[in-house]
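What follows is a short report on a single structure.
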Amino acid sequence: MPEDLPEGYYLDNFKYLLDFVVEKHGHLLSEPEYRYRDQFASASENAKKLYVRLTNRKGPHFRQDKINYPEINNLSAVVSELIGLSLVDSSTPTLEHAIALCDKKELSQLEAFAAWPKSCRRSEMVEQLIATGTCNPIEELDLPVIEVLGLEKLLVYRLLFFGNFHQDMTEFVLHELVSPFEAYNLSDESSAFSSRSIVDLTIELKLLSERAHEVIDTDETGDEIAALIEEMPFRPDDAMTARRFDRLLNRVARQLERLDRKEGALYVYKLTSATPSRERQARILEKLGRLMDALDLCEQIYDAPLDEEEWEFSLSFGQRLARKHQLETSLPRNDKVPPPQETIRISRVVERVELCAVQHYTDAGETCFYVENMLFRGIFGLAFWDIIFAPVPGAFFHPFQRGPSDLYTSDFVASRSGLIDRRCADLLDSDQLRQRVLYCYEGRYGVANQFVNWQYLSRELLELALAQIPAEHLCKVFDRLLIDLKNNASGLPDLIIFGESGYRLVEIKGPGDTIQKNQERWFRYFNTHGIPATLVNVEWAN
DNA sequence: GTTGGGATTG
DNA sequence: GAATGTGTGTCTCAATCCCAACTT
DNA sequence: TGACACACATTCAA
Ligand SMILES: [Mn+2]
C-alpha cells in the first residue's frame, strides 16, 4: 500500500521551490517571473492545490470533466478563480492538442466518422483529422477544456532551482519515499547560472534541441536540418552551456552524416569542441579525400587529446591513414597487447551469455557475481563518500543532487586534491579501507549517490570483495577512476569470481562479441598493475 | 480477453 | 578478421490505472 | 531519457 504523504505536501513543495528561487536566484528573474509568484500567492488554498496538481501533470491542456481530486471540492468555482487570476485559460485548444484530449470512443462520435466501422483504429481517425484539418473535436463535441498558464515561467523557476531540465517535482517524492538525498550543506550564493543571458541561452538551446529531435526523426533529405542550423546561436563561453551546445550540434551533425551530407556535417562539427567532434571531422575529411587535413587533425588530437578515447583514435586512425595513402606522419605506432584469453564451452541455460557464465562458475564451486561497472563504482562511491559530498563552494545548490555539480569535470579532483590524496593514502591500509566502506554502507544505505547502485550492491558481495581484493588493487582502480570519472566509470569486466582466497575479474564474450575500446583500456591497466583479469570467450555446447 | 506502454500517484 | 555503423534491451522508484492495439 | 553493453550487418584490406 502506498505510504501517506503529509496534507498539502505538493503545495508546500511548490511554494518551497518558488521561494527558494526568489531568495537565492532572484537577481536572475525577469519582472514577469517575479510577478508570477505573487500571482500564485494571491490564490485561495484550494486554487493553489489544483494549480500545483495540474502543473505536475503532462499538460498544458486538461479535460475539466476528467479532473477529480478528492481534496478539492467545488471544482468549477476553483477553475473560475484561476481563470480570473490568469493562471488558467478556457479557450479552445489547437487541433493537435484537441485530438490528444479525446479518446477513441469520443472521436468516433464525430460527424466525420459516422460511417466508419467500429473496428477502425484510433490512429487512422487521428490521421484523417489532421489531414482535413477543419474539424476540431473539442469544439464539435463541446467538451470543457482548460489550459494551465504560466508554465514557461515555471520552467524558468525549475531551471534555476535544479540547474537542469531533467529533474522536476518528483524529486521531492523520491526524497521522501524512495531514496533520500544526502543531507549536504548548500553553498551560499551559488547557482548553476552566472547571468540571466546564460539562462536564456540554456532555454533557447533546449527548444532547439527539441526541434532537432523532431527533425532528425522526420527529415529524410537534411534540408530541414540545415535550416535549423541557421538558427543556432554562437557557441557560448560558459562551460556548462557550451557543453549543451556541443551535444546538440554534434547530434545534428551526426544525422547529416547519415544523410550523406558530408560538407554540412563537417561545417557543424567545426562549431563544436566536445568529443567526438574532431574524430568525426577526421573521418569525414578522409572520405572527402582531404587526406592531409585529416592527418593534420589526427596530429592535433594527439598533441592535445580531450580524453583517452580520442587519443587512441588519433593514433590508430592516423596510422591507418598514413599507411593507406603512403603519407609521412610523426604519430607513433599504437601497439596493443592482447589481454589474456581463454575459452569455455557451456550450455545456454538462459538468454544472457553473462548469466550462463555465472551459472557455469557457480556449478564449478566458485562464488561468482555479475557486476559489470557497479561493483567498483560502488566501492569507490562508499570509500570517497564524504569527499564527494564535501562542501566545496558552488558544488551543491539544491537539495536533490546525487553528487557535486563539478563531478564530471576536471575541477572535481583539482578542488579536492588534498582530501583525495590523503584518502588514497589512507585506503592503502586494508583495515581502514574495509572499515570505511562497510561503515558507510551501513550508515548511508539507500541514500542517493551518483556511483552507488544499492540494488545490486549486496553486503555479501561487498564483504567478499573487501576481504579478497587487496587494498593496493582497489586503490589502483580508484586512481584510474579519478583520472576521468566520466569515461573510466565504464568498461569494467562483467564478472567477479571469488576463490578460497583471492579473486579474478572476467569479461565474457559470447560468439560474435568483441572487446570494446574502454574495456581494452581497463584490461591494459589491470595487466600493468597485476590485477587478475581474463577475457573469456564462450562457445555454446550442443 | 489479453497485453503493453503510457500517465499518474505517493 | 578488423573497423565501422546501426539497432536493441536494460536499467530507471514501484504500484496502479487507462486505453489502444493485437493470432502479442 | 540517456548511458552502456551487446548483437548483427557491411565494408575493406591482407
Ligand atoms: Mn561482456
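Numbers restart at 1 for each chain; the letters A, B, ... are given by sequence-line order, proteins then strands.
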### Query
Given dA7(D), dT9(B), dA5(D), which nucleotide is nearest the side-chain atoms of V353(A)?
dA7(D)
### Query
So which one's nearest nucleotide on DNA chain D is more toward 5', N373(A) or R323(A)?
N373(A)
### Message
Roughly how many Å apart are dT6(C) and dA7(B), using the C1' atom of each and rounding to a whole number?
### Response
31 Å
### Task
Please state the P separation for the pair dA15(C) and dT1(D) - nearest whole angstrom.
25 Å
### Proximal nucleotide (of dG10(B), dA20(C), dT4(C)) relative to the R122(A) side chain
dA20(C)
### Message
With a cut-off of less than 4.0 Å, is there a side-chain N or O of Y9(A) near OP1 or OP2 of dG10(B)?
### Response
no
#### Entry: Electrostatic pair K517(A):E312(A) at N-O distance under 4.0 angstrom
no
### Query
Looking across every strand, which nucleic acid part, if any, lies under 4.0 Å from N518(A) by heavy atom: base, sugar-phosphate, or nothing?
sugar-phosphate
### Message
Under a 4.0 Å threshold between the charged nitrogen and the carboxylate oxygen, would E520(A) count as salt-bridged to K336(A)?
### Response
yes
### Query
Given that D103(A) and S316(A) both sit by DNA chain C, which one's nearest nucleotide is further toward the 5' end?
S316(A)
#### Entry: P gap between dT4(C) and dA13(D), integer Å
12 Å
#### Entry: Options dT9(B), dA20(C), dA13(D), nucleotide nearest the side-chain atoms of K104(A)
dA20(C)
### Basic-acidic side-chain contact under 4.0 Å: R122(A), E106(A)
no
### Task
Determine the contact category for E354(A): base if any of its heavy atoms lies under 4.0 Å from a base atom, sugar-phosphate if only primed atoms, P, OP1 or OP2 are that close, otherwise nothing.
sugar-phosphate
### Task
Salt-bridge test for D335(A) and R333(A): reply yes if a basic N is under 4.0 Å from a carboxylate O, no otherwise.
yes
### Task
Of all the heavy-atom pairs spanning G381(A) and N449(A), show the shortest one and how long it is.
O-ND2, 3.8 Å
### Query
Taking the P atom of each, how far is dG6(B) from dG2(D), in whole Å?
15 Å
### Task
Calculate the interatomic distance between R377(A) atom CZ and dA3(D) atom P; express it in whole Å.
12 Å
## Note on the structure
In whole angstroms, the gap separating C1' of dT9(B) from CD of E171(A) amounts to 16 Å
### Same-atom distance (C1') from dG5(B) to dT12(C), integer angstrom
15 Å
### Task
Compare the minimum distances between each of dT12(C), dA21(C), dA7(D) and the side chain of N453(A), then state the nucleotide with the smallest one.
dT12(C)
### Message
Ring of W522(A), cation from R480(A) - is the NZ or CZ under 6.0 Å from the centre and inside 45° of the axis?
### Response
yes
### Task
Verify the contact: side-chain N or O of Q455(A) to OP1 or OP2 of dC13(C), cut-off strictly under 4.0 Å; return yes or no.
no
### Query
Toward the 5' end of DNA chain D, which comes first, I508(A) or F165(A), by nearest nucleotide?
F165(A)
### Atom C1', compared across dC11(C) and dT2(B): separation rounded to whole Å
26 Å
### Task
Determine the contact category for F172(A): base if any of its heavy atoms lies under 4.0 Å from a base atom, sugar-phosphate if only primed atoms, P, OP1 or OP2 are that close, otherwise nothing.
nothing
#### Entry: Selection from dG5(C), dC6(D), dT8(B) that lies nearest to any side-chain heavy atom of R57(A)
dT8(B)
## Note on the structure
Testing dC13(C), dA7(D), dC6(D) for proximity to the side chain of D494(A), the answer is dC6(D)
### Query
Using a cut-off of 4.0 Å on non-hydrogen atoms, how would the nucleic acid contact of E507(A) be classed: base, sugar-phosphate, or nothing?
sugar-phosphate
### Task
Could you tell me if the ring centre of F376(A) sits under 6.0 Å from that of F478(A)?
no
### Task
Measure the distance from CD on E351(A) to C1' on dT10(C) and round it to the nearest whole Å.
14 Å
### Summary
In whole angstroms, the gap separating P of dA2(C) from NZ of K336(A) amounts to 11 Å
#### Entry: Side chain of K509(A) - closest among dC4(D), dC6(D), dA14(D)
dC6(D)
### Task
Go through dG5(C), dA5(D), dC13(C) for me and flag the one nearest to the R280(A) side chain.
dG5(C)
### Query
Just checking G491(A): base, sugar-phosphate only, or nothing, at a heavy-atom cut-off of under 4.0 Å?
sugar-phosphate
### Summary
Atom NZ of K486(A) and atom P of dG2(D) are separated, to the nearest Å, by 13 Å
### Query
Any salt bridge between K262(A) and E286(A), counting N to O under 4.0 Å?
no
### Query
What nucleic acid atoms does Y456(A) come within less than 4.0 Å of, heavy atoms only: base, sugar-phosphate, or nothing?
sugar-phosphate
### Query
Can you tell me how far P of dA5(D) sits from CG of L355(A), to the nearest Å?
16 Å
## Note on the structure
From the candidates dG10(B), dA21(C), dT8(B), the one with an atom nearest any side-chain atom of L177(A) is dG10(B)
### Task
Measure the distance from CD on E71(A) to P on dT8(B) and round it to the nearest whole Å.
15 Å
### Query
What nucleotide, of dC6(D), dC13(C), dG2(D), holds the atom closest to the side chain of V178(A)?
dC13(C)
### Task
On DNA chain C, check which nucleotide each of K105(A) and T514(A) is closest to and give me the residue with the more 5' one.
T514(A)
### Query
Contact class for R53(A) vs. all strands (heavy atom < 4.0 Å): base, sugar-phosphate, or nothing?
sugar-phosphate
